Amino acid sequence: MYKMNIRFHETTKTFHLFNDRLSYIICVLENGHLGQLYCGKRIHDKEDFTYLVEKAPRPMTSYVYEGDRTFSLEHIRQEYPVYGSTDYRHPAVEILQENGSRISDFRYVSHTISEGKPLLPGLPATYTEADDEAATLCIALKDPVTQIRLELLYTIFAGEGALARSARLVNEGSLPVHLLTAMSFSLDLPDKDYVWMQLSGAWARERHIKNRPLEQGILAIDSMRGNSSHEHNPFMVLKRPSATETQGEVLGFSLIYSGNYRIQAEVDTHDTTRITVGINPSGFDWKLEPGENFQTPEAVMVYSANGLNDMSQTFHRLYRRRLARGYWRDRPRPILNNNWEATYFDFTEDRLVEIAAKAKECGVELFVLDDGWFGERSNDYAGLGDWFANKDRLPNGIAGLSQRIEALGMKFGLWFEPEMVNKDSDLYRAHPDWILQTPGRRTSHGRNQFVLDFSRKEVVDCIYGMMETILSQSKISYIKWDMNRSITECYSAALPADRQGEVFHRYILGVYDLYERLTSAFPHVLFESCASGGGRFDPGLLYYAPQGWASDDSDAVERLKIQYGTSMCYPISSIGSHVSVCPNHQVFRQTPLHTRANVAYFGTFGYELDLNGLPEEELREVKEQIAFMKEYREILQFGTFYRLKSPFEGNETVWMSVSDDKKTALVGWYRVLNGVNMPYTRVQLQGLNPDMVYTNLRSGTTHYGDELMNLGLLTSDATSGEVPSGEKACGDFESRIYILKAKEC
């Protein structure tokens, strides 16, 4: 068996990237472009796969060479296609030249194969910690007219069905050009027999699973909001129609980027499918001067022959271990209490300490002060941009409050929204030109706030200076980084007219720069990304913040769909999930306290309420919840996660996490609405050791692992027939956690 390899066969000019799970085969075509030959389950290597380049004369087709009616790029699968030279499909790259032409002709020049994986300057990307973890192929191509050099990077990882791709364009010519399209990943597949799966929604209902079959034409998800968005996550799956969570062929595509993007499938009328992933070409125009280069964000493809769970687990491992970085990457996350839904803007220092003290009594480890602590901030209209403490509320400042929290035996965390400004702020009054705004046009607002121009270094420097001062002078262990509006009127006063198409991307580079500087200066601070909840829950931010607030909707029932969909790509340790008060502040639903916790366990876990307001019975339950989470959080956050029953397909949701040694499994079972005289129920588990005997701590029964995976775990309860005397009746929004512990026989 092969750990990983990249081979180049000189006689056929064929590249084969492979490991135990995946083969990816490309070749140099007769015109010097790159052809796509195979992407799928690993196959044996051999010298010649070029028979897979199929050519035939077709009516109404244009051909590359005079006298040859076979070679047309319209009907050949390619790696990084261009438009207009016999290919009429959407391209991976489009370059506007000084003479107005958009035709490119990138021909193979050379290649290098190296161990490990290079970093992408200024951009988040997967990485390696040892050379034997991955191998990287860099193929260089060049356009003979413009002298633009194109470098395509391919990294294959050891032991994972994962391939990372990006592109770099270098202007080695004498004239400037404009990049209008520069995708990160392009893949031509030989058929369209797939179901397209996307994660879509809106604020408070993010990342719901949507499915549809591929058909001739174009299907796409994108964002033009300046952030990856609540609406469509930068992630897509192609699965065979018969594929399930546990079997079948699946391809997952994920873009490590936080700005405008597009993921597209174009199926031509001969059923070839072209996948493109990268920065959204709409509104994008990057001027590339002689000597300059442009690096695209990284895209990751995961191939699985074993269904959706296996694909997701590959993303989980890769993103948890080799995208997230730093001190908190592998550490269980602290249980926190956030004051936002407890107080909103109405708090004093003593009130905050009172909330924190009760949380500490219950076992909470981290107290987080949310919005309202800075400048003249008493509502949504003022204060953003003035990152210094409001002494009317906090007479001892953040330093004093943090010391009082630490004196309780807790860690202290703080909320920032560094990318935004209110017009009623000292920062705006001093620098009204620092916001994104178009000359002569009305400037829109969102939540009464405006977007700072993070494409400008002086703006990022200013915000860094204020945040660095707070962090240096206070005892801060956690930062919640919020972003509560998308970009409108995207225009920078600092750039000339022919560079305004760069602002969206430069803005995101500014965000990454601020994150990089802060995480480097304060490596032990845990950063959590937030954008009104899930508006920027993307792989780009995992590189800097190993967890994100998954949604502002903290209702447990709504969170079933949100967290289930999120798990398609993102590790459980990245999912910010908390217990909130009832009735819930988003949907006003009354949900049992145990169900709120049973959902939130499968994530970072914490509380969005004032525990002082709970009756003693519920306080005892909270203490039990926290004790449970502390005992099992390493398995819940870092174990192997399996989806068993989908909330999008029925009244029940079931998922589970299994420890690395397979000796402990935690099964979350949830039923939305109650029933009467219902059938008996069971669920087939996954990931157990078939030869281990597991004790069900809930029932006391023992079962072999193969029994639980084939016969199933019994989940029948009092809804199956009449409620037995003395047994508690079930209600709506019921849930249970089954703990299974094993010893080897």
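Treat the numbers as computed from the prediction; the structure is a model and nothing was measured. Atoms considered below: every heavy atom in the structure, side chains included; atoms not considered: hydrogens, waters and symmetry mates.
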Requested in this report: Report yes or no: is the cationic atom of Arg102 (NZ for Lys, CZ for Arg) under 6.0 Å from the centre of the six-membered ring of Tyr83, at an angle within 45° of the ring normal?
Outcome: no

Requested in this report: Search all heavy atoms of Trp196 against all heavy atoms of Ile263 and return the closest pair with its distance.
Outcome: CH2-O, 3.6 Å

Requested in this report: Classify the ring geometry between Phe315 and Phe235 as parallel (under 30°), tilted (30 to 60°) or perpendicular (over 60°).
Outcome: perpendicular

Query - Reported CG-to-OH distance for the pair Asn280 and Tyr261, which is rounded to 0.5 angstrom - result: 9.0 Å

Query raised in the report: Taking the six-membered ring for Trp, is the centroid-to-centroid distance between Phe294 and Phe284 below 6.0 Å?
Result: yes

Query - Over 12 foreign heavy atoms within 6.0 Å of OH, Tyr381 - result: no

Report task. Kindly confirm or rule out a cation-pi arrangement of Arg207 over Phe537, judged by NZ or CZ under 6.0 Å from the six-membered ring centre and within 45° of its axis? Result -> yes

Requested in this report: Kindly indicate, with the supporting measurements, whether the criterion side chain to side chain donor-acceptor pair (under 3.5 Å) is fulfilled by Ser258 and Arg536.
Outcome: CA-CA 6 Å; Ser258 307; Arg536 205 158 61 186; 5.3 Å; no

Query - Side-chain H-bond candidate by donor/acceptor type, Tyr515 with Ser529, under 3.5 Å - result: no

Requested in this report: Could you tell me whether the side chains of Glu528 and Tyr478 share a donor-acceptor contact shorter than 3.5 Å?
Outcome: yes

Report task. Using modelled atom types only, decide if a donor and an acceptor are shared between the side chain of Glu298 and the backbone of Thr126 within a distance under 3.5 Å. Result -> yes

Query raised in the report: Within the distance-only criterion (no hydrogens, no angle test), does the side chain of Asp310 pair as donor or acceptor with the backbone N or O of Gln313 below 3.5 angstrom?
Result: no

Query raised in the report: In terms of ring plane angle, is the pair Tyr127 and Tyr543 parallel, tilted or perpendicular, where the classes change at 30° and 60°?
Result: perpendicular

Report summary line: Value for CD1 (Ile209) from CD (Glu649), rounded to nearest 0.5 Å, stands at 8.0 Å

Report task. Could you give me the CA-CA distance, side-chain angles and deciding distance for Asp371 and Arg447, then say whether salt bridge (Lys or Arg N to Asp or Glu O under 4.0 Å) is met? Result -> CA-CA 13 Å; Asp371 195 356; Arg447 203 188 177 197; 3.6 Å; yes

Requested in this report: For residues Pro91 and Thr181, report the shortest heavy-atom separation together with the two atoms involved.
Outcome: O-CG2, 4.0 Å

Report task. Check the pair Asp453 / Ser455 against side chain to side chain donor-acceptor pair (under 3.5 Å), numbers first and verdict last. Result -> CA-CA 5 Å; Asp453 184 357; Ser455 73; 2.5 Å; yes

Requested in this report: Would you confirm whether the ring centroid of His178 sits within less than 6.0 angstrom of the ring centroid of Trp286?
Outcome: no

Donor-acceptor contacts, no H, no angles, side chain residues 568-575, under 3.5 Å, sequence neighbours left out:
{"residue": "Tyr570", "atom": "OH", "partner": "Asn233", "partner atom": "OD1", "Å": "2.6"}
{"residue": "Ser574", "atom": "OG", "partner": "Pro571", "partner atom": "O", "Å": "2.6"}

Query - Shortest non-hydrogen contact between Phe602 and Gln563, atoms and distance - result: O-NE2, 3.3 Å

Query raised in the report: At their closest point, which heavy atom of Trp549 faces which heavy atom of Asp552, and how far apart are they?
Result: NE1-OD1, 3.1 Å

**Report entry** Ring geometry between His431 and Trp434 (parallel below 30°, tilted from 30 to 60°, perpendicular above 60°)
**Finding:** parallel

Query raised in the report: Do you know which two heavy atoms are closest between Cys138 and Leu153, and how far apart they sit?
Result: CB-CD2, 3.7 Å

Report task. Could you tell me whether His578 and Phe605 have their ring centroids closer than 6.0 angstrom? Result -> no

Requested in this report: Measure the acute angle between the ring planes of Phe374 and Trp415, then classify it against the limits of 30° and 60° as parallel, tilted or perpendicular.
Outcome: parallel

Requested in this report: Could you give me the CA-CA distance, side-chain angles and deciding distance for Asp553 and Arg205, then say whether salt bridge (Lys or Arg N to Asp or Glu O under 4.0 Å) is met?
Outcome: CA-CA 7 Å; Asp553 191 340; Arg205 52 176 176 84; over 6 Å; no

Query raised in the report: Is there a side chain to side chain contact (heavy atoms under 4.5 Å, CB included) between Gln36 and Gln78 once you walk through the steps?
Result: CA-CA 5 Å; Gln36 205 326 288; Gln78 298 164 70; 5.8 Å; no

**Report entry** salt bridge (Lys or Arg N to Asp or Glu O under 4.0 Å) contacts touching residues 488-498 (sequence neighbours left out)
**Finding:** Lys287-Asp498

Requested in this report: State, without any angle test, whether Glu249 and Tyr303 hold a side-chain donor-acceptor pair at a distance under 3.5 Å.
Outcome: yes

Report summary line: Residues at least two apart in sequence or cross-chain that pass salt bridge (Lys or Arg N to Asp or Glu O under 4.0 Å) with Asp513, listed by chain then number, are Arg517

Query raised in the report: Is there a side-chain contact between Leu560 and Trp655, using heavy atoms and a 4.5 Å cut-off?
Result: yes

Requested in this report: Indicate whether any N or O donor in one side chain lies under 3.5 Å from an N or O acceptor in the other, for His232 and Ser200.
Outcome: yes

Query raised in the report: Is Leu119 atom CG crowded by more than 12 heavy atoms from other residues, nucleotides or ligands, each under 6.0 Å away?
Result: no

Query raised in the report: Under 3.5 Å, side chain of Glu608 to main-chain N/O of Gly606, donor-acceptor pair present?
Result: no

Query raised in the report: Without hydrogens or angle criteria, can the side chains of Gln216 and Asp268 be said to hold a donor-acceptor pair below 3.5 Å?
Result: no

**Report entry** No-hydrogen, no-angle side-chain donor-acceptor test under 3.5 Å, Gln295 and Glu151
**Finding:** no

Query raised in the report: Step by step, would you call Lys561 with Glu206 a salt bridge (Lys or Arg N to Asp or Glu O under 4.0 Å)?
Result: CA-CA 8 Å; Lys561 290 183 176 179; Glu206 296 89 348; over 6 Å; no

Query - Distance-only side-chain donor-acceptor flag, Asn227 / Arg485, under 3.5 Å - result: no

Report task. Give the intermediate values and the outcome of side chain to side chain donor-acceptor pair (under 3.5 Å) for residues Thr155 and Thr136. Result -> CA-CA 4 Å; Thr155 297; Thr136 296; 2.8 Å; yes

Query raised in the report: Does the side chain to side chain donor-acceptor pair (under 3.5 Å) test come out yes or no for Ser567 and Arg643, once each step is laid out?
Result: CA-CA 8 Å; Ser567 75; Arg643 294 177 299 271; 3.1 Å; yes

Report task. Using only heavy-atom distances, determine whether the side chains of Arg333 and Gln547 contain a donor-acceptor pair under 3.5 Å. Result -> yes

Query raised in the report: Is a side-chain donor-acceptor pair under 3.5 Å present for Asn338 with Asp370?
Result: yes

Report task. Return yes if a side-chain donor-acceptor contact under 3.5 Å exists between Arg456 and Tyr507, otherwise no. Result -> no

Query - Test log, rule ring pair (Phe, Tyr, Trp, His ring centres under 6.0 Å), inputs Tyr544 and Tyr512 - result: CA-CA 8 Å; Tyr544 308 99; Tyr512 292 155; 5.4 Å; yes

